[in-house]
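Written below as structure tokens is the structure these notes are about.
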Amino acid sequence: MGAKAEIGWTTDGEDGLTRHVYAQHVGDEWRFYERPKRRGRDIEWIPLEDPPLRDWLALLDALERGHVRRRFKPRDIVVVRKRIRELFPEHPLD
């Protein structure tokens with residue numbers, strides 16, 4: 001992790017254990033990966049095929065905060081908001 005097109009955060013998993021998550025911007029899509037919060041080079045990142053809503057919202061929050069520092073473009077925020085509306089139509093976005 002570390003490229004401009006990658007955003008990472010730490011969150012609690014479904015099982016209650018802390019996990020690292022990162023989203024990678026590739027082309028027009030975002031790819032999500034996760035791993036346990038343990039350290040070590042032998043722990044691999046696992047791709048998330050269907051990231052939960054909370055990961056999408058964490059990505060949106062990071063993009064909005066990064067936009068203020070001119071790290072991300074407004075278009076990135078629009079695209080992620082649109083994708084959240086497509087995947088989770090029941091969730092109200094402000």
Side-chain angles (χ1 to χ4, degrees):
M1 211 171 64
K4 186 175 181 180
E6 295 179 355
I7 301 173
W9 59 91
T10 303
T11 185
D12 291 332
E14 302 266 332
D15 54 4
L17 298 175
T18 304
R19 66 189 182 114
H20 287 297
V21 179
Y22 85 89
Q24 181 181 43
H25 192 221
V26 179
D28 287 341
E29 67 180 42
W30 286 91
R31 296 179 186 167
F32 290 79
Y33 300 87
E34 74 173 342
R35 73 176 188 179
K37 191 182 173 188
R38 298 185 310 242
R39 296 188 185 265
R41 294 179 183 221
D42 59 331
I43 301 171
E44 294 186 23
W45 290 95
I46 302 166
L48 286 171
E49 297 300 322
D50 297 313
L53 174 61
R54 65 187 168 153
D55 288 339
W56 281 102
L57 294 175
L59 172 62
L60 179 61
D61 180 59
L63 286 172
E64 290 173 340
R65 285 184 287 114
H67 168 67
V68 173
R69 296 182 207 110
R70 296 181 185 200
R71 186 169 177 214
F72 301 105
K73 298 176 183 172
R75 180 183 182 281
D76 295 332
I77 296 170
V78 171
V79 169
V80 169
R81 282 182 172 273
K82 180 181 176 188
R83 188 70 178 139
I84 291 172
R85 285 189 190 105
E86 290 171 358
L87 294 172
F88 307 97
E90 70 282 354
H91 181 76
L93 272 177
D94 46 28

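- When the side-chain hydrogen bond (donor to acceptor under 3.5 Å, both in side chains) test is applied to Glu90, no partner is found at least two apart in sequence or on another chain.
- Counting non-hydrogen atoms of neighbouring residues, nucleotides and ligands closer than 6.0 angstrom, the CG atom of Asp28 reaches no more than 12 such neighbours.
- Under the 4.5 Å side-chain criterion, counting only non-hydrogen atoms from C-beta, Pro36 is in contact with Ile43.
- Annotation: salt bridge (Lys or Arg N to Asp or Glu O under 4.0 Å) contacts of Asp55 (sequence neighbours excluded): Arg19.
- Legend: residues meeting salt bridge (Lys or Arg N to Asp or Glu O under 4.0 Å) with Asp12, ordered by chain and number and at least two apart, are absent.
- Going from atom CG of Leu57 over to atom CZ of Arg81 covers 9.5 Å, rounded to the nearest 0.5 Å.
- The shortest non-hydrogen separation linking Tyr33 to Pro47 is CD2-CA, 3.6 Å.
- Tyr22 and Val79 fall into different hydrophobic clusters, defined by Ile, Leu, Val, Met, Phe, Trp and Tyr side-chain heavy atoms under 4.5 Å apart, directly or through other members.
- Atoms CG and NE2, from Leu53 and His91 in turn, are 5.0 Å apart once rounded to the nearest 0.5 Å.
- A single hydrophobic cluster is seen to contain both Phe72 and Leu93, as judged by linkage of ILVMFWY side chains at heavy-atom distances under 4.5 Å, directly or through other members.
- In this view, Arg31 and Glu29 satisfy the side-chain hydrogen bond (donor to acceptor under 3.5 Å, both in side chains) rule, not counting sequence neighbours.
- At a threshold of 4.5 Å between non-hydrogen side-chain atoms, the residues Trp30 and Leu63 count as touching.
- With sequence neighbours left out, Glu44 forms a salt bridge (Lys or Arg N to Asp or Glu O under 4.0 Å) with no residue at all.
- Here Glu49 pairs with nothing under the salt bridge (Lys or Arg N to Asp or Glu O under 4.0 Å) rule; sequence neighbours left out.
- The two residues Phe88 and Pro52 come nearest to each other via the heavy atoms CZ-C, 4.0 Å.
- The distance from atom CG of Leu59 to atom CD of Glu64, rounded to the nearest 0.5 Å, is 10.0 Å.
- Residues forming a side-chain contact (heavy atoms from CB on, under 4.5 Å) with Leu87 (at least two apart in sequence, or on another chain): Trp56, Arg83.
- Take Ala62 and apply the side-chain contact (heavy atoms from CB on, under 4.5 Å) test, not counting sequence neighbours, and it matches Ile7, Arg65.
- Between His20 and Trp45, the closest side-chain pair of non-hydrogen atoms falls below 4.5 Å.
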